[in-house]
Number of protein chains: 2
Amino acid sequence: MKEAFMKKIPFLLVISWYALTAQIDTSFINSLYRYYLTQSACYASLKELCYDIGHRLSGSSQAARAVKWSYYMLKNYGADSVFLQPVKVPHWIRGKKEQCRVWLNGEKTQRNLKVLALGGSAGTEGIMSLPVIRVNSFDELEKKGREEIEGKIVFYDVAFDDALISQGEAYGKAVKYRSRGASMAAKYGAKAVLIRSMTSARDDEPHTGMLNYDTAVCKTKIPAFALSYRGADSLSSWIRNNKVKKIELFSECKTLPDTLSYNVIGEIKGSQYPEKIILVGGHLDSWDVGHGAHDDGAGIVQSMEVIRAFKKLNYKPKHTIRVVCFMNEENGLRGGYAYADETQKKSWKHIAAIETDAGGFTPRGFGIDTTSGLFSKIFVYRDMLEKYLIQYLHNEGGGADIGPLEKLGVPCIGFIPDNQRYFDIHHTMADTFDKVHKRELELGGAAISALIYIIDRIVE
Amino acid sequence: MKEAFMKKIPFLLVISWYALTAQIDTSFINSLYRYYLTQSACYASLKELCYDIGHRLSGSSQAARAVKWSYYMLKNYGADSVFLQPVKVPHWIRGKKEQCRVWLNGEKTQRNLKVLALGGSAGTEGIMSLPVIRVNSFDELEKKGREEIEGKIVFYDVAFDDALISQGEAYGKAVKYRSRGASMAAKYGAKAVLIRSMTSARDDEPHTGMLNYDTAVCKTKIPAFALSYRGADSLSSWIRNNKVKKIELFSECKTLPDTLSYNVIGEIKGSQYPEKIILVGGHLDSWDVGHGAHDDGAGIVQSMEVIRAFKKLNYKPKHTIRVVCFMNEENGLRGGYAYADETQKKSWKHIAAIETDAGGFTPRGFGIDTTSGLFSKIFVYRDMLEKYLIQYLHNEGGGADIGPLEKLGVPCIGFIPDNQRYFDIHHTMADTFDKVHKRELELGGAAISALIYIIDRIVE
């Protein structure tokens, strides 16, 4: 039996390999890569978005301009139809530049530390001048309790865990202090919160990002700020050496009434299965600093380019290819929810939803949901995909904007670029166009298009 | 039979997987990554090499200082023994800054183009002032022949093929104009050669690199220069529009007598098989511009760190781990040859030789020779290695310095970092310390150490 088995295996493998690859034309994938690296508009479009529009927080005039821009870009790229999906979005504004001044014992001049108010934060209502207390975890916060916390500024001195290989994992571990830190501290009577920026980069750039007031934990909404890595190191050392007398904080940020905005959607109608959709998207909004170049200008131009690429290469997809420029990923996810709502209402059928929102860096692969067997269907091509820099196929996909779709059972896919440099500039003034490498951006776009092509070919 | 087969396969797989992985302690690999990302000296050493010594072309005083530096570093890192291997190296000097001035018809002022003489090039012996002829291939050069070429400066207007996914492949295709262009043109009576820089980056940095005069093709050694991408674009357009009257070239470079230098070798003696060596190395020399940070300061600090890591983590390898800092990879490969010579003379036995000379960028994987079954032995761990960012195992290994060992039958391995940014700065003034990302450098080092650990465990 062993002999028969040995003989049969390679034969079976060859047969099944042939059957599978017969559906895929690698010369078309080669054309896609050639197109992206020599003719695509990704890089030029990103430059336009970054320099002509700039950052574009939900509710801002720039966000409104970005909606119009992407609408006309999708038209110009040759989408069969382009439409807007109305979304009511939060409208938070930062106001005047924030201030953080540290008074040290025995010194006459204060030290200014660079800070950014967290997104959604309340303002300080004038200058707040209070003592600071340092904690290294929620556990320590709880232990200190109201007795030590009340009336103070809480500094969560919790750094990124540099020992983790994935910066995304480090982010996942540390981000709770950004999102929940304010309400947790307010519960014990704290008046404001300082956090370390979500980064491993030892520089002086503070990183903003969403704060979620949890009224179930505490009804009081206290102001919250991120310090830069170096600033946090200084403050930590001053506090540990009992040098800090008090801290002055100032911010003017506030939340205005919700504003009408839009998801921007463009598509190529499927030739065989027009009712079945392969979705690809990123988010059009960004934080109100820098250019939002990697986060997520890159994802937007990569998504839009799928239409331009297929049109230019005259590829007629069997399924409908739908590009969604989601609004409000950063501070509300209203676009993602609105899209999922309409999906339910209109019974839209998605055979896959791909999100690109992890930066325009060199591609590594995709995270793919195992729902409906999509992961294993694609995994068959693992060896073939290696030379296209798709070298990591992870069996878990998704992203924030397509999260609500995932709950509806849509097989979700997240594009995975290399993430070592992403959190250096994520949500900072430094997330600017010059940080994006032309070829890396294009190769990411090519990988996404290639995957869409494969799904279009192998899924009915 | 089918049923028995279905039942047996998973069982056999589990058994063999268990047997294989039992030799490998993934918790040790985790410790290695933790060490590299939080305690390693890679980044600090590279800073020292770049700022305290700087670039270090073979034969230069900086190269001599780099020899001493790496000798003491290896001692400090706890190598059981450190020794120098004498190597006679070429000693080429650039001399005063080169000049390239283009006279355009009807213009009174010349246009200065940034150039770098190619390594090994002859000088112009004063200012050379001649007409230029543009060719786009060796074929075109041959077609034009002596009639059109004689007495002129030949401009090889051949750009990197941006359509190729691998920048290394683009380099491989274009580099013949740098290495053989001068002799090929001299054969038809050309007086000097200009080439496009070996890069896809649209900037104004010229890239130097080795030129090999082939006396079998032509005995006359004519000067050769690289133009920056933008400079080459300008010149190309001027020539195509018949605007160029003449070009003035100036360089003072020359080749001095060979100089005594050294490979620097440090090792940890193997506990079970001291006579069997796992080699890891990079090259200590660099071009005479920039810092030689990615090329190959990164490879040097990654190689040396293997000793520090194993000592700090108290890992006692079964085989001898030998770190080789090769001298003269850039313009002669004399270190590589000297090492292979001594290998033959002393019958050194290498079970693997690993080279890291492709930049300190985020790791992707390794190219591994199939000699002696090493590739398939390592390929078994493919899935396990994914999370360590070793996601691409290619069945062809090596590198320039270990090339001569490969010819002796040593299984060779090349570390493969991402190469999209490498040729932006390769052999330029811009290959400086600030271009190296701390975590990417460290993760490359960790990947190399992890692979050495695995080889040490699985090979007898």
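A, B, ... follow the sequence lines: proteins, then strands. Residue 1 opens every chain.
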Which bit of [X] comes within less than 4.5 Å of chain B, counting heavy atoms only: side chain, backbone, both or neither?
X	value
N30(A)	neither
R202(A)	neither
Y35(A)	neither
L443(A)	side chain

With a cut-off of 6.0 Å (strictly less than), are more than 12 heavy atoms of other residues, nucleotides or ligands near NZ of K312(B)?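 Counting other residues, nucleotides and ligands, NZ of K312(B) stays at 12 neighbours or fewer.
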
Quick one: of [options], who has the most non-hydrogen atom pairs under 4.5 Å with chain B?
options	value
G365(A), A446(A), P363(A)	P363(A)
H394(A), Q39(A), K387(A), Q167(A)	Q167(A)
T362(A), D424(A), T38(A)	T362(A)

Heavy-atom contacts under 4.5 Å, residues 433-441 of chain A to chain B: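 Interface residues of residues 433-441 of chain A: K435(A), H437(A), R439(A), E440(A).
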
When heavy-atom pairs shorter than 4.5 Å are enumerated against chain A, which of Y388(B), F361(B), Y33(B) gives the highest number?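 Result: the option with the highest number of such pairs is Y33(B).
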
Return the set of residues passing ring-ring contact (aromatic ring centres under 6.0 Å, His included) with F375(B) (not counting sequence neighbours), or none when no residue passes.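 F375(B): ring-ring contact (aromatic ring centres under 6.0 Å, His included) contacts with F379(B).
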
Which atom pair, heavy atoms only, marks the closest approach of E386(A) to L393(B)?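 Heavy atoms only, the tightest pair is OE2-N, 4.4 Å.
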
In sequence, state the C-alpha distance, the side-chain angles, and the governing distance for R364(B) and D418(A), and then conclude on side chain to side chain contact (heavy atoms under 4.5 Å, CB included). CA-CA 10 Å; R364(B) 298 204 78 107; D418(A) 193 82; over 6 Å; no

With a 4.5 angstrom heavy-atom cut-off, is it the side chain or the backbone of D162(B) that approaches chain A, or both, or neither?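 Both backbone and side chain of D162(B) come within 4.5 Å of chain A.
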
